[in-house]
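A, B, ... follow the sequence lines: proteins, then strands. Residue 1 opens every chain.
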2 protein chains.
Amino acid sequence: MTYGYWGRIIEVDIDTRTYKKIPIKDGDYRKYLGGSGLAGKLLYSDFDYKVDPLSGENPLIFMAGILTGTPVPTSAKSSVVTKSPLTGIWGEATVGGFWGPQLKKAGYDGIIVKGKSEKPVALYINDEKIEFIDAEGLWGKDVYETEEKLRQKTDKNAEVACIGPAGENLVKIAGIMIGGRDTRAAGRCGVGAVMGSKNLKGIVVKGTNKVPVYDKERLTELIKKFMPELKKNTQGLYDFGTAGGVQAVEANGDLPIKNWTLGSWEKGAAKTCGQKIAETVQTGHYACYACPIRCGKDVEVRVGPYKGSVGHGPEYETCAAFGSNILNEDLDYLCAANDLCNRYGLDTISTGNAVAMAIECYEKGLITREDTGGIELTWGNGEAVLELIQKIAYKKDIGKVFAEGVKKAAEEIGGLAHEYAVHTKGLSYAFHDPRAFTSMAANYATANRGACHLEALSYFAEGGAFPPELIGFNKQTDPHGYQHKGELAARMQNFMNLFNALGLCKFLIRGKASPEIIKNWVNAVTGWNLTSEEFLLIGERLHNLKRMYNVRLGISRKDDTLPPRLLTHDRKTGKAGGSLPHIGRILSDYYEFRGWNPEGIPTKEKLEELGLEELIK
Amino acid sequence: MTYGYWGRIIEVDIDTRTYKKIPIKDGDYRKYLGGSGLAGKLLYSDFDYKVDPLSGENPLIFMAGILTGTPVPTSAKSSVVTKSPLTGIWGEATVGGFWGPQLKKAGYDGIIVKGKSEKPVALYINDEKIEFIDAEGLWGKDVYETEEKLRQKTDKNAEVACIGPAGENLVKIAGIMIGGRDTRAAGRCGVGAVMGSKNLKGIVVKGTNKVPVYDKERLTELIKKFMPELKKNTQGLYDFGTAGGVQAVEANGDLPIKNWTLGSWEKGAAKTCGQKIAETVQTGHYACYACPIRCGKDVEVRVGPYKGSVGHGPEYETCAAFGSNILNEDLDYLCAANDLCNRYGLDTISTGNAVAMAIECYEKGLITREDTGGIELTWGNGEAVLELIQKIAYKKDIGKVFAEGVKKAAEEIGGLAHEYAVHTKGLSYAFHDPRAFTSMAANYATANRGACHLEALSYFAEGGAFPPELIGFNKQTDPHGYQHKGELAARMQNFMNLFNALGLCKFLIRGKASPEIIKNWVNAVTGWNLTSEEFLLIGERLHNLKRMYNVRLGISRKDDTLPPRLLTHDRKTGKAGGSLPHIGRILSDYYEFRGWNPEGIPTKEKLEELGLEELIK
């Protein structure tokens, strides 16, 4: 018996409908942990990096973390790793809910899906029993109905990860959805399209084991000690969810407004925030597995044109995506847009950016009413946005173009459309503006999956929500300056890489969860004796491993940049008016701190230091 | 009779060997002046911008300036304008010598060459007589021999513009050479390849008229008044030529070293500068038409392996190209490299950048000895460089790849080669580093023909050689800072645009030639009554006209950038160690000062203000 992890994963050959339970070496867990760490190691070593992401040769790897399913607070997370069909590089998406813990309870750390089924199929994992379920009747169904039907076919308490029509239609911004109407999403990088390409509609998991913990007593004690700080600092997340931050974010100039062109939107923010949700459509709170924070909100629109939208409430990112960034202040519509994305299985961040870009293209005459299929695609037009979301999910009219993501849409539309596409390496920006906290410029430019906010989450450090001295960063920074920003982003990336590998939620850092605190949990769960230094080194190892995956695909400094809009467009108003990130200095600092060469490639010495010598070609 | 210009150009249809003498409206001269201004207007209005640059549909326009061939000091210049086969956008090259003044004396302001000859041909313009000369026997000959033979066939005092083997072979970095062994080059943008694509080996001109001047007395008086200041400030250029600046440039951190990666090279600079040329290989001085500065130098290598290199000495740019940037300190070899480029008809700036990139690719294993055809392509290896120059001219081995310029070479070689390609919009950088004077970052990013130093020449203003208050710029700047750099570059671009349109050398500004001084000359020559404001407005008009040519071809802010190496590579040593241009702020300032929208497109209002309303689509 191992502790915290099972030491085995399921390898499924979906075209032959066969599977193997394969062991993972103990050393690999300690070296890469689980989640996207271990999955990354497998993707790097066991699969051809040159594969077409939508071919059967591209594996879709689900991996729970080392701590997933244990009593550690927020240990709900698991990762989905694959070569991204959206970006053509490292693809990673993370999701909470109850699916990962359930997989762990079934006795597995992960699932690798290979091949391509001839017909729609679903997978059912129930402890030792593994079944392939015919899913022809489910093809075309939305996420809510799919979850319901799959539970009916298996176990009413089973957990379901599935795709909606967007994934089926190989929409490159489709996610994999968990929890049905209580939707949690492995949203980014087009992982839903990879699942769709395999004709795999869902994976149902049910387990009856207990995830083993090495030293329960010690763990209980550690958690007990940590909990008050977490509770104290996350009361706002409980009260108003992530959307509770809309106004504060706006006040920092951190909110994207009108496809990232404007600097303030105070009144709009007040109408589209968590506080307003709590006053109006909110019906309750939702917590992922083992989460004391409970940031999720249930909502129901009871009146008006969007009556009937019932489910998980819009998160901060979704409020920004379909609110500020397209200039709409109607909360009911926001719930409807969120509901639609969840049903179709679309990533709200990528979809919101695509919609904002489409509106700007329409405004500037680059696409016409003929292209939109008759939609009057104007700023703030909620009805038009809802129609466009549907068109993207079903690749209808101009939706077909934006279903490829903003980068390819710009190539297809041409001309100035490139100026309106806000992405790095093909992944749309998460809705935290690097002009507000410029360490995020280093993060977005270098994040392995593209313009992901979570790889560093360094605005937490810059904004005061997390004291960076806990990860060894003791320098003063100016939110709009450039000094030490590369270092801060790199340190945060190293730390944040651990969360996905452990299966933890990054909101833990709101409770000042330090590497010291977390590695103590890891040691209590696994029986290891990691030091904080070793622990952070694993984070650095994982970041470099993913970088090397991308380097093999041709990624280097030339790709580490921000879109022109975020580099040169001074929004003038708001708290970040006048701020533009000094990308050259920031990256120079970043590479130097990382021990990479000036072209952004990890040096031989660095890889050796990280125990990644096998990656040196 | 008109003054200063003739009001007519020759339009040649090279495939049918016919020509027309066509009139230019007087209003067009006053609106666009001559040179690349008028040529730009013609290229924009009369030709399809979508043409393949090497097809017969692409015109090759030679145009003398309004002042070319008059007594105005340095009035030697003419422009070659075409759609560039190197960059696919606005192509412009400027050249001194005596060819332009001779064309004016023959009674023409310019020549438009259209079509494609079946067989090699040359053109002979002798006052009213225009002949097509069979050039089959000249095909394959180098520039020196071609010039000699064409003079023999026509008039021993005629002036010849011709291509060498590089242009014939459609090498995209081939120039058009003037003056034979006293080589002056219309070097940039691949204009030589366009001439080669037309099977046009040379254009010989001989004229016997006097270029008309409206008020000779006034002009003489104005020139007399200006001359002392010019002489006083250009003594160094007479003594040591442009290469006399190598050491000062190095001291400013402005010299490219080892493909733009190092910050200082003091000893090397002392061995490869004009002062050293004067002590060793120099045999005399050379002046273009009407030039009191006489910055040209004649050289002869009398001993050693490069004995026999006789001709025009290496300019500053050539010393940097084949000296510091590839780490070679041997002046004799530099003369030989220069000689070879002049014979083959290659642009030394683009060729030097290509060679440095090739060496770096070889060092990093991206190209092998097999690719180079056996050359050991190492830093400082002069013999290898000379061989590579030949291979580029003849498209042999890896020379074929670099004959396409560094951008396409990077695409062909792939991977990290992109990091070693130092270009903007496909044109290699001239050898003044934007990390030394950051206004040059604005210039390089936005210059219409790509990474051209001459479009703004703002390092003259930043380095103290020209007082920018003469063009209305009264702000303090820090060489490595970002404030007001966009404005300074834009103001200088507006002013510098006038020089190519007038046919003047930009070294005039070393004599503090202000818009006021120059417009007085223009008025004296033409009889116009331009004010300084009107005059500068023409410069702004021309810059915007060229920008609009590019905008039609899809150019916008996304293309206005520097290569990663110049943005993020801190060279650490030298005076500009630690300096990296803040491109976002610099461009933001630039667009705002220009009255362009944030995406880098001239607004309708700006085009109307400039009298370019016909360009608004």
Report task. Take Gln493(B) and Arg594(B), measure what side chain to side chain donor-acceptor pair (under 3.5 Å) needs, and give me the verdict at the end. Result -> CA-CA 11 Å; Gln493(B) 284 175 338; Arg594(B) 277 238 171 270; 2.9 Å; yes
Requested in this report: Taking only Lys NZ, Arg NE, NH1 and NH2, and the carboxylate oxygens of Asp or Glu, determine whether Glu455(B) and Lys546(B) approach each other closer than 4.0 Å.
Outcome: no
Query - Least distance between heavy atoms, Lys425(A) atom then Thr446(A) atom - result: NZ-CA, 4.1 Å
Query - Residue selection (most heavy-atom pairs with chain B, distance under 4.5 Å) from Leu562(A), Val551(A), Thr568(A), Leu587(A) - result: Thr568(A)
Query raised in the report: Who wins among Pro581(B), Pro563(B), Ser556(B), Gly554(B) for the most heavy-atom pairs under 4.5 Å with chain A?
Result: Ser556(B)
Requested in this report: Check each atom of Tyr420(B) against the heavy atoms of chain A and say whether the ones under 4.5 Å are side chain, backbone, both or neither.
Outcome: side chain
Query raised in the report: Counting heavy atoms not belonging to Lys604(A), are there more than 12 under 6.0 Å from its NZ?
Result: no
Report task. Against chain A, label Ile601(B) side chain, backbone, both or neither, depending on which of its atoms sit under 4.5 Å from a heavy atom there. Result -> side chain
Query raised in the report: Out of curiosity, Gln483(B) CD to Gln476(B) CD, how far, rounded to the nearest 0.5 Å?
Result: 11.5 Å
Query raised in the report: For the candidates Gly414(A), Gly600(A), Gly578(A), which exhibits the highest count of non-hydrogen atom pairs separated by less than 4.5 Å from chain B?
Result: Gly578(A)
Report task. Under 4.5 Å heavy-atom distance to chain A, tell me which part of Ser579(B) shows up: side chain, backbone, both or neither. Result -> backbone
